[in-house]
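Report on one structure; see the data block that follows.
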Amino acid sequence: MGDTQTRKADHLRICLEEDVQFRKNTNGFDRYRFLHHCLPELDYNEIDLSTTFLGKTLGSPFLISSMTGGTEQAKIINYRLAEAAQTYKLAMGVGSQRIAVEKPEVTDTFAVRNIAPDIPLFANLGAVQLNYTYGIDECLRAVDILEADALIFHLNPLQECIQTNGDKNFKGLLDKIEKICSKIPVPVIAKEVGNGISPQMAQYLVNAGISAIDVAGAGGTSWAKVESERANNAMQRQLGQTFADWGIPTAECLVGIRNLYPKLPAIASGGLRNGLDGAKAIALGADLVGLAFPFLQAASDSPEAIDNLVQLLQAELKTVLFCTGNGTIAELKQSNTLQNDNK
């Protein structure tokens, strides 16, 4: 197993077995609550969770966020998740495809299009690789492997600082991102990995041609803690612990970006753990709601566990719509039923 495969395997093991979540409830959604409607004037069975994203119709606004690939365990996880995504018409991302671009023999651990022919699939590469020999050919290869509907560029400067021998040259990346956006035939999504995207950073990215933003804010898995667990020296381990809770809360990212770009396709991820969090994100302007850790746990268990999770998420979201008097996702987004307790 090569270095990148070992890292992928380590990431799965650490996320599943170690305590690498943010130490505080920092996703920001705890400061919001819905105004309850005691008489919703709705038939629960007629509530519609369907939505659209980047022109694709979905059964509900949940995204199986980018997680893994490149190992046999990752293949099992991706295939199980793809089956569920197809069944429930959910969008799905995969983990960084750098390993598949460089080692074609592991391509099958990512290639789930035959399992999920109808859903939006998002390819994924680290934007920093554009400073390490990657260009349009590698980006097209990642898209082709997945037969993807969009390409995610993940932005992970903190993780690279903590990771042993991380790629830390982020200089000049914006111009290179802009060149890829102008050449590639699919939309490009900018995504953090759990430390958030501020409105100012979103503005730079949109001006460079990014089509959508996944805020991936603070509150869920801390990749500083993950890399701290993998570190091979005491300084890197301590560095990861120092920055374990670094980042902008997901709700704060979403509100700030929505104020700047009311119509920009936006994904809320980062510490969302249930359909109530998802409903709050939608009410704050998210088009999709991304979850990773809950899906990773379920997929590591069984296909039935994934079914149970999706059904629970949908029931939680549907309950919010019912108890706030909203019959559709569009109505929830336009309602004024979410209250900020801090105001």
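Side chains are part of it too, since the values below use all heavy atoms of this structure and drop only hydrogens, waters and symmetry mates.
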Quick one: do the [X] and [Y] side chains pair a donor with an acceptor below 3.5 Å?
X	Y	value
N131	K176	yes
Y88	Q311	yes
E102	Y134	yes
E83	Y79	no
S228	Q241	yes
Q21	T221	yes

Any salt bridge (charged side-chain N to carboxylate O under 4.0 Å, His left out) pairs touching [range], not counting sequence neighbours?
range	value
residues 221-245	D10-R230, R23-D245, E227-R230
residues 254-273	R258-D287
residues 305-326	none

Is there side-chain contact between [X] and [Y], with at least one heavy-atom pair below 4.5 Å?
X	Y	value
T52	K56	no
H37	N326	no
L254	I257	no
N195	E192	yes
K280	L338	yes
L146	F122	no
M92	P120	no

Residues forming a salt bridge (charged side-chain N to carboxylate O under 4.0 Å, His left out) with K179, sequence neighbours excluded: none
Residues in side-chain contact (heavy atoms from CB on, under 4.5 Å) contact with T109, at least two apart in sequence or another chain: K75, V106
Residues in side-chain contact (heavy atoms from CB on, under 4.5 Å) contact with T328, at least two apart in sequence or another chain: D48, A330, E331
Lys/Arg-Asp/Glu bridge criterion (N-O < 4.0 Å) met for D301, R80: no
Tell me if a side-chain donor or acceptor on [X] pairs with a main-chain N or O of [Y] at a distance below 3.5 Å.
X	Y	result
T71	A74	yes
D341	Y32	no
Q200	I197	no
Q97	N124	yes
Q297	P294	no

Test side chain to side chain contact (heavy atoms under 4.5 Å, CB included) applied to L58 and S50, step by step: CA-CA 6 Å; L58 298 166; S50 67; over 6 Å; no
Around [X], counting heavy atoms of other residues, nucleotides and ligands shown, do more than 12 lie under 6.0 Å from its [atom1]?
X	atom1	result
N165	CG	no
N169	CG	yes
F322	CZ	yes

Interatomic distance, I267 atom CD1 to L54 atom CG [nearest 0.5 angstrom]: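 Answer rounded to 0.5 Å: 7.5 Å.
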Candidate pair L313 and V289, rule side chain to side chain contact (heavy atoms under 4.5 Å, CB included), full reasoning: CA-CA 11 Å; L313 290 170; V289 176; over 6 Å; no
